[in-house]
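Contents: one structure, followed by commentary.
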Amino acid sequence: MRKFRLLVLILVLAAPGWPAVATAAEERFPAPEFETQYEIPTPAHPHPRQDFFEYLDIAVLLAALGLAAFFAIKKRSRLGLFSLTFFSILYFGFFRHGCICPVGALQNVIFSFSGDYLLPLGVILFFALPLLFALFFGRVFCASVCPLGALQEAVIYKPIRLPQPIKHVLGLIPYLYLGLAVLFASTGSGFVICRFDPFVGFYRLSATPFMLLLGLGLLLTGIFIARPYCRFFCPYGVLLGIFSFFAKKHLSITPKECIHCRLCENACPVDAINPPSPRLYKTSKAQQIKHFGIFLAFVPLILATSGFGFSRLTDVLARQDRMVSLAERIHQEETNVATGNTLDSDAFRQEQTRVEDLYRQAARIRHKFYIGLWVFGLFFGLVISLKIIVLMQRPGRTDYTPDRFHCISCGRCMEYCPVQSDGSVTET
Amino acid sequence: MKKKNTNLTRREFIKDLFHKLLLLLLGSFVVSRFFKSAAAGYVWQIDPKKCVKCGRCATACVLTPSAVKCVHAFEICGYCNLCFGYFQPGALRLTADAENQLCPTGALQRRFVEDPFFEYTINEALCIGCGKCVKGCNLFGNGSLYLQVRHDRCKHCNECSIARVCAGRAFVRTPARKATFKNA
Ligand code: SF4
Ligand code: SF4
Ligand code: SF4
Ligand code: SF4
């Protein structure tokens, strides 16, 4: 009888679709043989969401992106974009609870290149579709589909313009954040973007006090400094910006010709309207080329300094990895630098892995951090250099146009333009 | 005027070039990943063999109370009168009085079946996933109690907050379709 029950148990446990059962069980006490009609209950194993919902999510994302592109470019409807924002808050936010959003999917993508983690189809599309749309229609994802952006969009009330230098300096943070996220995802140390997602807590209706404060703080800031997370933190925004910069079509402020009325100048909440370039420059063209040449000579220096500087952070950042910090702790315990055990070091000893193996693994991760930080540093140096080069350019713009990198296609400026689609101008 | 025109077209040309380049990049990314993709998503599961009942499941989840609950594999339970998951060590009498119970919320419920057997069930609404009972049962009993992520409660965070601090590093990303561990 007992043998039979054990056999059944093994068969049942080995059957796919059966969630985990404590298998370390030792049968210290024999299973009872009941004399009454008692039936041994089976514990309920609630299933996660059905696959169906994943396909639904993709379909809804596609539809929302299409609609946003339609409102931004064809229909030129701010109202449409704004309504879609609320739909996104409800669907991608409260119904879907945020995860996995395109912003975070970035990390899954990187992670899938390093480990034996297979990217789910849904994650591939959630990462790629907004970029694809950005490449054809600008950042329509940011306009009204992104659940993080939508929440910030809803609180914009009296946006102010930041001084240019501050804007440029703060604008570098997303590149750092992007680099950090890629570094941590590629070393398998964790998903920083998700850890510090300030808004997902609202959607889950549950957050730690710290994240709640961060989220509230950002939303409060967002009343006056529009979309603070999007502009000064969002790492996915960097990618979207690049793709949108080379977009085939892009939202335009005016339906016909810009008449330089300057009505739209202050309309943009995220300060993404480029005014026409000045006719006269203080420096001559020749001088400008000379300055450009001098700067180019400095670029290798910038890259090298940045790369070297970042690589100095190896120890600090590698320690954020669990295996590295565990290895350090075990080492301290073995060499009696630290007294007493932590829960984690106890757990490690129970596992009976060899200490040397742990050290080797930690060293491998640390090395990945070292290489990664060099790459990160070079990348950041390149970003700074490119930014300066762009600032030195004379773009030769003749009209008021959206800055394709930073414009989030919210459509506010369109409402300010007095030019009608038939070319007539309404008096204000 | 003429010069400006060529200037413009050169810019347009470069833009178009980059547009195509990015499209190619994105396309090849999707195609290459597509053939190595997983059809369904992942869920977080605890490998009970690795769990050391550190208690962090109760505190680290983004939800309060935690999405991790104690689950009972009745099949391997001894239906003991003196249950090491139910009673405080050194409990004076084997009764359901609160001071005798290990569970801080009284979520583990005891029911008489027949002499000398008792059935233990978990009231999930009360369980906070602290693992105290699991620890007792694994140390001295059959180990039929274990902690597991309950997928109807779990928000399926992209990075599980408990996984990040789990002392036994017992959290595993498991394909949602076969959330299972083979019996070793
Ligand atoms: S910038 Fe980032 S957070 Fe903001 S709307 Fe765009 S993707 Fe979302
Ligand atoms: S659509 Fe207009 S107002 Fe909105 S971000 Fe772009 S430039 Fe600014
Ligand atoms: S994935 Fe999120 S909700 Fe689920 S157990 Fe982990 S922290 Fe809790
Ligand atoms: S955090 Fe990990 S080791 Fe601690 S109780 Fe939960 S599963 Fe077990």
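Remember, predicted model here, so these are calculated numbers, not experimental data.
The cationic atom of B:Arg164 (NZ for Lys, CZ for Arg) does not lie both less than 6.0 Å from the six-membered ring centre of A:Phe191 and within 45° of the ring axis. Taking the ring axis of A:Phe245 as reference, the NZ or CZ atom of B:Lys15 stays within 45° of it and closer than 6.0 Å to the ring centre.
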Check against ring pair (Phe, Tyr, Trp, His ring centres under 6.0 Å), A:Tyr38 and B:Tyr79: CA-CA 12 Å; A:Tyr38 177 76; B:Tyr79 287 83; 5.5 Å; yes

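Put simply, the side chain of B:Leu21 does not reach to within 4.5 Å of the side chain of A:Phe246, judged on heavy atoms. By the 4.5 Å heavy-atom criterion applied to side chains, B:Arg150 and A:His45 are counted as neighbours. Residues B:Asp16 and A:Lys248 meet the side-chain proximity criterion, which asks for heavy atoms closer than 4.5 Å. With a 4.5 Å cut-off on side-chain heavy atoms, A:Val109 and B:Phe29 count as touching. The side-chain heavy atoms of B:Val52 and A:Leu343, taken from C-beta on, include no pair separated by under 4.5 Å. B:Leu23 is listed as a side-chain neighbour of A:Leu132, based on a closest heavy-atom distance under 4.5 Å. Two residues are said to be in side-chain contact when any heavy atoms from C-beta on lie closer than 4.5 Å; A:Pro41 and B:Glu119 meet this criterion. Annotation: side chain of A:Tyr117 is in contact with side chain of B:Tyr42 (closest heavy-atom distance under 4.5 Å).
We find the CG-CG distance between A:Leu135 and B:Leu25 to be 10.0 Å, quoted to the nearest 0.5 Å. Atom CG of A:Leu121 and atom OG of B:Ser37 lie 5.0 Å apart (nearest 0.5 Å). To the nearest 0.5 angstrom, B:Glu159 atom CD is 5.0 Å from A:Arg195 atom CZ. Atoms CZ and NE2, on A:Phe136 and B:His19 in that order, are 4.0 Å from each other to the nearest 0.5 Å. Once rounded to the nearest 0.5 Å, the distance linking CG of B:Asn158 with CG of A:Leu106 reads 10.5 Å. Taking CG of B:Leu63 as the reference point, atom OG of A:Ser206 lies at 5.0 Å (rounded to 0.5 Å).
No more than 12 heavy atoms of other residues, nucleotides or ligands lie within 6.0 Å of NZ in B:Lys135, so this atom counts as exposed by the packing criterion. More than 12 heavy atoms of other residues, nucleotides or ligands sit less than 6.0 Å from atom NZ of B:Lys155. The environment of CD in A:Glu39 is sparse: at most 12 heavy-atom neighbours from other residues, nucleotides or ligands sit within 6.0 Å.
Residue B:Cys137 touches chain A through its backbone alone, counting heavy-atom pairs closer than 4.5 Å. Interface residue B:Leu26: only side-chain heavy atoms are found under 4.5 Å from chain A. Only the side chain of A:Asn108 comes within contact range of chain B, with at least one heavy atom under 4.5 Å from a heavy atom of that chain. Interface remark: B:His156 contributes backbone and side-chain atoms alike to the contact with chain A (heavy atom separation under 4.5 Å). If you measure heavy-atom distances from B:Cys80 to chain A, the contacts under 4.5 Å come from the side chain alone. Contact annotation for B:Phe117: only side-chain heavy atoms (C-beta onward) come within less than 4.5 Å of a heavy atom of chain A.
B:Cys157 and A:Cys99 make their closest contact through CA-SG, 3.8 Å (heavy atoms, listed as atom of the first residue, atom of the second, distance). Closest non-hydrogen pair, A:Ala347 versus B:Ala167, comes out as CB-O, 3.3 Å.
Remark: the backbone N or O of B:Gly41 is paired with a side-chain donor or acceptor of A:Glu54 at under 3.5 angstrom. One N or O on the side chain of B:Arg33 and one on the backbone of A:Ser112 form a donor-acceptor pair closer than 3.5 Å.
When the candidates B:Lys36, B:Glu114, B:Arg153 are compared by the number of heavy-atom contacts under 4.5 Å with chain A, B:Glu114 comes out ahead. Heavy-atom pairs under 4.5 Å with chain B were tallied for A:Ala207, A:Pro120, A:Gly98; the largest tally goes to A:Pro120. When the candidates A:Gln350, A:Gln107, A:Arg96, A:Glu351 are compared by the number of heavy-atom contacts under 4.5 Å with chain B, A:Glu351 comes out ahead.
A salt bridge is absent between B:Arg169 and A:Asp344: the closest approach of a Lys/Arg side-chain nitrogen to an acidic carboxylate oxygen does not fall below 4.0 angstrom.
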